[in-house]
Peer 1: 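Mind having a look at this structure? Questions to follow.
Because the structure is a prediction, the values reported are computed rather than measured. By convention here, the first residue in the shown sequence is residue 1.
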Amino acid sequence: MKGRNYTNILLAAGFLICLLQIWMPEYYLTGDGPCHVNNAKILHDLWSNQNTTFYNRFFTAQYLPNPNWLSSVAIAVLLFLFNGAVAEKIFLSVYVLLYLFGFLLLLKKISGQSSYWLLIIFTFVFNHVLSKGFYNYAFSIAFYFWAIWSWIRFLEKRNISNALLFVAFNFLAFFTHLLAFTFSTFTCALLAISFAWAEANGNPKNNFLRPLFRNGAFLVLLASPFLILMRWFTENQGGMQLKLGIYPDRVLELIKFIYLVNIDGTEQLLAAITGVSLIIFFLIAFVANIRTKQINKYSGLFPSLVFAGFVCLFFPEDFLGRLILISMRVQLFVFISLVCCIGYMLPAGKIKNTAGVMLFVYFLALSTVRIPVRQAAARGAADITSCAGYIQPNSVVLPLNFSFNGIDEQGKRIAGENWLFVHPAQYLGAAKAVIILDN
């Protein structure tokens with residue numbers, strides 16, 4: 001009981017530290033984040049019938065059922081009540097809330113309520129992809145946790161409420177990013193198999209094919225609307241255009257966990273320690289799981305890890321006729337899958353608790369590095385937006401940006417590992433009707 005109380009205290013502390021990183025600086029500056037805010041402002045004004053004559057010269061609102069809707073729609077709604085920077089922070093706070101609670105519920109489900117291991121949920125909240133400003137993809141990872149959790153609930157208790165819950169999170173995953181939706185659907189299919197296998201072993205009278213067919217039929221039924229939409233979207237984009245290759249350099253990137261690094265070079269060592277630690281704990285868990293020689297209903301999570309690793313190592317950076325940056329995006333799923341596999345493979349005990357505490361300490365160390373850099377980045381963004389009073393409404397503005405990494409008051413680079421300052425002028429469009437040409 002005492003261990004559980006300590007865990008809850010540390011979970012609450014970690015949650016507050018995450019929110020502190022978002023709310024302490026005046027701006028939570030990311031690469032594409034200001035563009036999302038500006039795009040949302042345009043959408044908000046079109047909904048409100050404001051400045052429509054000006055915007056219609058440049059934009060037309062389209063309402064096709066395409067992925068990547070979430071950030072524009074959600075921030076546009078928030079702009080009815082808050083200004084641009086505050087609306088963005090509320091949006092990101094919701095991301096933190098969904099991410100942490102979704103991951104927490106999933107880990108509790110698959111790891112049997114083990115105490116300190118749950119602290120690992122903070123490790124991946126702030127990652128390179130989020131600092132790039134890829135908000136839809138960041139949210140899609142959060143919805144991935146909820147989709148897997150709701151599917152497990154449905155497999156454990158098949159009823160209408162659990163089915164609707166799964167459909168709802170599939171809907172949200174689809175309309176944030178197709179990659180997370182694909183991983184979610186694939187993982188759910190593998191869990192349908194492992195649940196059926198475990199059910200057959202648990203009751204020799206049952207035929208494995210019977211629960212497998214039942215689980216598969218339910219998955220097809222509940223996910224088919226989004227699979228049809230995905231097929232329609234990819235065909236409209238020209239098809240997959242996928243040519244597999246071998247990218248051995250990504251093995252070292254995985255070991256170094258380079259996409260845990262947000263903005264500063266001093267994060268690199270901590271990121272590498274985090275990656276190596278997770279790999280070591282996974283190997284310990286894998287050996288422990290082999291020794292048990294038991295089929296677990298969550299065993300479908302292991303082939304999901306293998307699939308994520310395959311995509312990370314063999315998929316090109318571009319397909320669907322565009323640059324996807326697949327290694328950056330999928331590396332997170334590899335480590336999330338590692339965490340989930342450790343969760344069900346490794347029994348509760350000292351090793352598992354030690355792993356959770358260690359990863360929580362790494363999170364604290366990374367936060368200590370990131371917060372002052374975030375403050376410096378916010379000051380730089382405020383300096384850029386200080387020219388807002390000199391720009392008339394209905395203007396077209398061409399920003400001249402000579403340092404995507406940002407320069408502080410002493411002439412030093414602010415974000416050496418990320419282009420935080422590629423679009424900060426977009427915040428100018430959140431306050432008045434202007435067109436910023438770097439979008």
Peer 1: Between F103 and C340, what is the shortest heavy-atom contact and its length?
Peer 2: CE2-SG, 4.4 Å

Peer 1: Output the distance between atom OG (S184) and atom CG (L172), rounded to the nearest 0.5 Å.
Peer 2: 11.0 Å

Peer 1: Hey, could you give me the CD1/CG distance between I391 and L428, rounded to the nearest 0.5 Å?
Peer 2: 4.5 Å

Peer 1: Students often mix this up, so state it plainly: with edges at 30° and 60°, are the rings of W149 and W146 parallel, tilted or perpendicular?
Peer 2: perpendicular

Peer 1: K89 side chain to E26 main-chain N or O, any donor-acceptor pair under 3.5 Å?
Peer 2: yes

Peer 1: What are the two closest non-hydrogen atoms of R413 and N405, and how far apart are they?
Peer 2: NH1-OD1, 3.6 Å

Peer 1: Between N170 and F174, is the side-chain contact (heavy atoms from CB on, under 4.5 Å) condition met? List the steps.
Peer 2: CA-CA 6 Å; N170 259 305; F174 178 86; over 6 Å; no

Peer 1: Could you list the residues that satisfy side chain to side chain donor-acceptor pair (under 3.5 Å) with S71, not counting sequence neighbours?
Peer 2: H36, N136

Peer 1: Ignoring hydrogens, what is the shortest heavy-atom contact between N127 and L130? Give both atom names and the distance.
Peer 2: OD1-N, 2.9 Å

Peer 1: Show the nearest heavy-atom pair for residues N353 and Y116, with the distance to one decimal.
Peer 2: OD1-N, 3.3 Å

Peer 1: Measure the CG-OG distance between L191 and S304 for me, rounded to the nearest 0.5 Å.
Peer 2: 7.5 Å

Peer 1: Using side-chain contact (heavy atoms from CB on, under 4.5 Å), reason through F181 and L227 one step at a time and then give a plain yes or no.
Peer 2: CA-CA 9 Å; F181 171 76; L227 294 172; 4.0 Å; yes

Peer 1: Between V330 and F183, is the side-chain contact (heavy atoms from CB on, under 4.5 Å) condition met? List the steps.
Peer 2: CA-CA 10 Å; V330 177; F183 274 110; 3.9 Å; yes

Peer 1: I need the minimum non-hydrogen distance between L254 and F335, along with the two atoms involved.
Peer 2: O-CZ, 3.0 Å

Peer 1: Between K297 and L155 (side chain of the first, backbone of the second, donor and acceptor by atom type, cut-off under 3.5 Å), is there such a pair?
Peer 2: no

Peer 1: Would the distance check show the side chain of N162 and the main-chain N or O of K157 forming a donor-acceptor pair, the cut-off being under 3.5 Å?
Peer 2: yes

Peer 1: For the CE atom of M328 and the CD atom of E253, what is their distance to the nearest 0.5 Å?
Peer 2: 9.5 Å

Peer 1: Determine the sole option in F333, Y144, F257, Y362 for which the ring-ring contact (aromatic ring centres under 6.0 Å, His included) test with F124 is passed.
Peer 2: F257

Peer 1: Within 45 degrees of the axis of the six-membered ring of F126 and under 6.0 Å from its centre: does R370 put its NZ or CZ there?
Peer 2: no

Peer 1: Looking at R379 and D383, does any basic side-chain N land under 4.0 Å from a carboxylate oxygen?
Peer 2: no

Peer 1: Check the pair W151 / F154 against ring pair (Phe, Tyr, Trp, His ring centres under 6.0 Å), numbers first and verdict last.
Peer 2: CA-CA 5 Å; W151 175 243; F154 177 79; 5.6 Å; yes

Peer 1: Under the rule for salt bridge (Lys or Arg N to Asp or Glu O under 4.0 Å), what residues qualify as partners of K256, not counting sequence neighbours?
Peer 2: none

Peer 1: What distance separates K108 NZ from L118 CG, expressed to the nearest 0.5 Å?
Peer 2: 6.5 Å

Peer 1: What's the separation between atom CZ in F145 and atom CG in L106, rounded to the nearest 0.5 Å?
Peer 2: 7.5 Å

Peer 1: Does the side chain of S194 pick up a donor-acceptor pair with the side chain of N296 at under 3.5 Å?
Peer 2: no

Peer 1: More than 12 foreign heavy atoms under 6.0 Å from NZ of K412: is that the case here?
Peer 2: no

Peer 1: For residues C341 and L301, report the shortest heavy-atom separation together with the two atoms involved.
Peer 2: SG-O, 3.5 Å

Peer 1: Is the CD1 atom of I246 crowded by more than 12 outside heavy atoms at less than 6.0 Å?
Peer 2: no

Peer 1: With a 3.5 Å cut-off and no angle check, do the side chains of E317 and Y247 form a donor-acceptor pair?
Peer 2: no

Peer 1: For atom CZ of F80, is the number of surrounding heavy atoms from other residues, nucleotides or ligands below 6.0 Å larger than 12?
Peer 2: yes

Peer 1: Does a side chain donor of either T176 or S140 reach within less than 3.5 Å of an acceptor in the other side chain?
Peer 2: no

Peer 1: Start with the C-alpha distance between W23 and V86, add both sets of side-chain angles, then the distance that settles side-chain contact (heavy atoms from CB on, under 4.5 Å), and finish with yes or no.
Peer 2: CA-CA 9 Å; W23 286 94; V86 174; 4.2 Å; yes

Peer 1: The test is ring pair (Phe, Tyr, Trp, His ring centres under 6.0 Å); show your working for Y344 and F302 and say whether it passes.
Peer 2: CA-CA 10 Å; Y344 87 85; F302 176 69; 8.3 Å; no

Peer 1: Mind checking what makes ring-ring contact (aromatic ring centres under 6.0 Å, His included) contact with Y27, not counting sequence neighbours?
Peer 2: Y427

Peer 1: Just do the side-chain hydrogen bond (donor to acceptor under 3.5 Å, both in side chains) check on S131 and R374 with the steps written out, would you?
Peer 2: CA-CA 10 Å; S131 287; R374 283 284 173 200; 2.8 Å; yes

